[in-house]
Amino acid sequence: MYKLVIAEKPSVARAIYPVLGANNKKNGYMEGNGYIVSWCFGHLVGLQLPNGYGGKWAEKWSYDNLPMIPDKWKFIISEGAADQYNILKKLLNDSSVDEVICATDADREGECIFRYVYNLSGSKKPVKRLWVSSLEESAIKEGFAKLKSDREYDNLYNAGFFRAKADWLVGMNGSRLFSIRYRAHLNIGRVQTPTLAMIVQRDNEVKNFVKQKYFTVDLNCSGFIAVSERIDSENEAERLAECCTGKTAEAVEVKREVKTVNPPKLFDLTTLQREANKKYGYTAQQTLDYQQSLYEKKLTTYPRTDSQYITDDMEETALAAAKTASAVLNCDVIGTPDIKRCINNAKVTGHHAIIPTLEIANADLSALPEGELNVLKLIANRLICAVSEPHKYEAVKVTLKCEGKDFSANGRTVISAGWKSAETYIKDNPEDEEKENEAKLPQIAQGQRFDNVKAETSEHFTSPPKPYTEDTLLSAMEHAGQDEYDDESEKKGLGTPATRAGTIEGLVKNGYVERKKKQLSATEKGIKLINVVPDDVKSPKLTADWEMRLQAIEHGKESKDGFMSDISDYVIGMCKKYSSIDNELSFVPNIEPIGKCPKCGNDVKKGKFGFYCTNKCGMNVAKVFGKELTENQLKNLLAGKEISYTANGRKTTVIPKVSSNEYNGKTLYQWETKSVQQPKKG
């Protein structure tokens with residue numbers, strides 16, 4: 001008898017079957033030592049689209065067929081996946097297989113990938129679950145020694161399945177509803193639309209920002225500069241500068257404080273994607289792809305995690321990984337490694353933080369693609385920083401008075417560089433870097449006087465908000481809806497670490513968002529969509545609340561039926577509320593007509609497939625003797641003017657007429673034309 005192991009993809013299966021001794025190659029699987037190891041290609045099976053249900057849902061879209069809420073959910077085999085699905089179906093029902101082991105990725109999506117295939121196959125064989133965060137041989141062996149019943153992961157599956165159903169209900173119904181309402185093909189998504197709304201809002205803030213000028217007065221105290229508070233009036237600033245020039249400034253207060261900056265936390269997927277975007281300009285999807293490849297090469301741990309901590313049983317492993325990373329990067333841990341700072345069992349649910357594995361010591365890192373190597377270095381460097389000593393500095397703030405006005409100067413002196421001397425990635429934001437670059441102030445005592453100071457005015461402008469980058473958008477998605485909850489609440493936000501990259505890519509692919517270098521901006525189509533979609537459909541908070549409920553389902557704290565009932569009620573209400581045509585806004589581009597149709601007198605415009613009559617009277621703009629006319633030539637014809645062109649060495653003159661549709665048996669246009677061909681000279 002055999003145990004059937006099903007991995008998420010062939011590359012993961014290749015890490016598993018040598019460990020199990022299943023080394024005999026078959027068609028679509030490996031076999032040996034009592035094991036059969038096969039694989040999916042990601043989602044072999046997915047939720048059926050509305051057309052696949054037949055009936056009214058497969059007909060022309062109309063309000064009468066909404067809402068679409070399946071009584072029984074149907075599944076469909078993904079395009080191009082039928083052969084591998086049939087192999088798995090045969091194996092799942094083979095009498096020689098007495099146990100199935102789910103070895104897909106250990107998260108919601110992985111559980112759904114397996115169970116969709118298992119359920120559709122009709123198999124009733126018992127299932128156990130492999131749960132690993134690394135594809136190292138030792139981790140795989142340990143995982144197979146600790147297999148659990150897959151029933152223990154029912155809540156994980158429910159969260160994934162009901163997330164998919166919620167996305168289907170909101171997306172399919174919303175897309176059809178608003179496509180009908182605005183007579184254009186529109187895409188509505190449970191997570192996609194609120195994300196787009198945030199981008200549109202930020203773009204509006206940038207566009208409508210009005211910069212304001214303000215001034216400061218800078219006192220040169222022979223060794224440092226002290227600056228006044230903001231002054232809105234240039235005349236007032238100039239008067240203050242004139243008043244202070246040559247006068248005495250006194251240090252009325254000197255504050256010195258030793259501050260500690262603790263090392264950064266380890267990476268979860270979102271913080272890794274953000275850092276890679278800042279450092280290298282990688283998109284969220286690129287970073288996920290690079291990290292997934294590193295995981296499959298056994299060089300890093302599981303990518304799709306939302307935790308920045310490890311568990312206490314990983315203390316020795318993480319310490320060894322930090323020492324190995326130090327050797328590989330030629331970058332030492334600063335001070336005595338403090339692994340315990342990275343440990344928090346309560347904040348590790350499915351997977352721990354992303355760290356490098358010990359395999360990096362034996363791998364030929366120079367053979368890695370550039371993107372993978374850069375991401376690996378970020379991960380390794382973050383581990384080194386996270387276990388290094390804190391950064392300490394003395395911050396000094398001096399307040400001076402000159403002619404009754406306050407001026408201040410700030411400085412800092414590094415006491416112990418700590419983890420920052422091991423840091424190789426860019427600062428979290430320019431403001432942090434600017435603070436770190438504050439000049440060291442000379443020794444200043446309270447009551448000290450500075451004579452004959454020089455005062456000058458400086459002109460400044462308020463700064464506009466910055467357009468989203470993938471870094472800042474990922475942060476906004478992660479923290480959406482958290483304002484009303486404390487830090488100990490379950491993470492809310494739009495989507496999950498595993499799905500946010502796909503959401504951004506979907507917005508770009510569907511033409512709602514465009515990339516301009518690192519910046520993400522809404523297109524005209526995206527702006528129009530958000531302008532017409534009601535607030536609840538584009539509400540980040542509502543979607544974040546739904547995600548929080550899905551997490552509660554995953555942890556067995558909420559009924560899946562209650563969640564689906566609320567989603568269904570929401571969709572029913574949405575379809576009822578917006579089931580009418582809205583003529584106030586059109587998604588059809590406003591194209592100027594090039595003339596009037598000679599057949600019916602209505603406008604002729606340029607469309608996707610050429611020029612057409614807006615009355616659809618049948619007027620057709622074809623080629624003239626094989627020559628396709630330019631827009632200007634067609635404009636002249638429609639205005640009753642002759643046009644000429646040369647083709648195949650012969651000059652042709654076309655003259656508009658209104659008596660017949662043919663000339664010498666050839667249909668030139670739906671209106672009448674006559675051509676005069678002139679022979680070549682000579």
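A quick note: this is a predicted structure, and the numbers were derived from the prediction, not measured.
For Y295, the ring pair (Phe, Tyr, Trp, His ring centres under 6.0 Å) partners at least two apart in sequence or on another chain are Y302.
Here OH of Y468 is found 9.5 Å from OG1 of T195. Values are rounded to the nearest 0.5 Å. Within the model, atoms CD of E389 and CG of D338 stand 9.0 Å from one another, a figure rounded to the nearest 0.5 Å. One distance of note links NZ of K392 with OG1 of T413; it measures 15.5 Å at 0.5 Å rounding. One finds the CG atom of D105 at 5.5 Å from the CG atom of D107 (value rounded to the nearest 0.5 Å).
Remark: side-chain polar atoms of R304 are not paired, donor with acceptor, to backbone N or O of L269 under 3.5 angstrom. The backbone N or O of V127 lies less than 3.5 Å from no partner atom in the side chain of D150, so there is not a single donor-acceptor pair. At distances below 3.5 Å, not a single donor-acceptor pair connects side-chain atoms of K397 with backbone N or O atoms of S408. Here the side chain of T193 pairs no donor or acceptor atom with the backbone of I188 at under 3.5 angstrom. No donor-acceptor pair closer than 3.5 Å links the side chain of E253 to the backbone N or O of T399. Here the side chain of S133 pairs no donor or acceptor atom with the backbone of T301 at under 3.5 angstrom. The main-chain N or O of G493 is never found under 3.5 Å from a side-chain atom of E547 such that the two would form a donor-acceptor pair. With hydrogens and angles disregarded, a donor-acceptor distance shorter than 3.5 Å links the side chain of Q308 to the backbone of L266. S421 contributes a side-chain N or O that, together with a main-chain N or O of G418, makes up a donor-acceptor pair within less than 3.5 Å. With hydrogens and angles disregarded, no donor-acceptor distance shorter than 3.5 Å links the side chain of S388 to the backbone of W419.
Atom CG of D364 has more than 12 neighbouring heavy atoms from other residues, nucleotides or ligands inside a 6.0 Å radius. Annotation for E229: atom CD does not count as buried by contact number, only 12 or fewer foreign heavy atoms lying within 6.0 Å.
Of the options K518, K517, R515, R500, a salt bridge (charged side-chain N to carboxylate O under 4.0 Å, His left out) to E470 is made by R515 and by none of the others. With respect to Q285, the side-chain hydrogen bond (donor to acceptor under 3.5 Å, both in side chains) criterion is satisfied by exactly one of T287, D289, T283: D289. If you run side chain to side chain contact (heavy atoms under 4.5 Å, CB included) between L474 and each of T271, N277, I504, only I504 comes through.
Both tests hold for K165 against F162: distance to the six-membered ring centre under 6.0 Å, angle to the ring axis within 45°. For the pair R412 and Y393, the cation sits on the ring face: its NZ or CZ lies under 6.0 Å from the ring centre, inside 45° of the axis. At least one cation-pi condition fails for K211 and F209: the charged atom is not both under 6.0 angstrom from the six-membered ring centre and inside a 45 degree cone around its axis.
In terms of heavy-atom proximity, P540 sits nearest to M198 at CG-CG, 3.9 Å. The nearest pair of heavy atoms linking A322 to I384 is O-CG1, 4.2 Å. The shortest heavy-atom contact between P194 and G189 is CD-O, 3.6 Å. In this structure, A103 and V5 approach most closely via the heavy-atom pair CB-CG1, 3.7 Å. Looking at every heavy atom in both residues, P390 comes nearest to T260 through CB-CG2, 3.6 Å. Closest approach of D203 to A522, counting heavy atoms only: OD2-N, 2.8 Å.
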Begin with the C-alpha distance, continue with both residues' side-chain angles, and end with the deciding distance and a verdict on side chain to side chain contact (heavy atoms under 4.5 Å, CB included) for E109 and H43. CA-CA 9 Å; E109 289 304 300; H43 278 283; 3.0 Å; yes
So D167 and R163, salt bridge (Lys or Arg N to Asp or Glu O under 4.0 Å) or not? Walk me through it. CA-CA 6 Å; D167 286 351; R163 190 275 307 165; 2.7 Å; yes
For R115 and D154: C-alpha separation, side-chain torsions, deciding distance, then whether salt bridge (Lys or Arg N to Asp or Glu O under 4.0 Å) applies. CA-CA 10 Å; R115 294 215 193 185; D154 283 352; 2.7 Å; yes
Just do the side chain to side chain contact (heavy atoms under 4.5 Å, CB included) check on L358 and K323 with the steps written out, would you? CA-CA 9 Å; L358 300 180; K323 291 178 178 178; over 6 Å; no
Residue pair K298, E137: steps toward the side chain to side chain contact (heavy atoms under 4.5 Å, CB included) verdict: CA-CA 9 Å; K298 309 177 186 179; E137 181 176 339; 5.5 Å; no
Give the C-alpha distance, both sets of side-chain angles, the deciding distance and a yes or no for salt bridge (Lys or Arg N to Asp or Glu O under 4.0 Å) between R274 and E478. CA-CA 11 Å; R274 293 184 59 196; E478 182 179 26; 5.2 Å; no
Evaluate the salt bridge (Lys or Arg N to Asp or Glu O under 4.0 Å) criterion for residues K297 and E372: first the C-alpha distance (whole Å), next the side-chain angles of each, then the deciding distance (0.1 Å), finally the verdict. CA-CA 11 Å; K297 292 174 180 175; E372 292 181 22; 2.8 Å; yes
Using the rule given for side chain to side chain contact (heavy atoms under 4.5 Å, CB included), can you reason through E554 versus E111, listing the C-alpha separation, both sets of side-chain angles and the distance that settles it, and then say yes or no? CA-CA 12 Å; E554 182 174 328; E111 196 67 26; over 6 Å; no
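Between K255 and E257 there is no salt bridge, since none of the side-chain N atoms of the basic residue sits less than 4.0 Å from a carboxylate O of the acidic one.
T496 and R108 share no side-chain donor-acceptor pair at under 3.5 Å. When only modelled atom types and interatomic distance are considered, T270 and D268 share no side-chain donor-acceptor pair under 3.5 Å. Under 3.5 Å, the side chains of E359 and T357 contain no donor-acceptor pair of N or O atoms.
With a 4.5 Å cut-off on side-chain heavy atoms, F144 and V19 do not count as touching.
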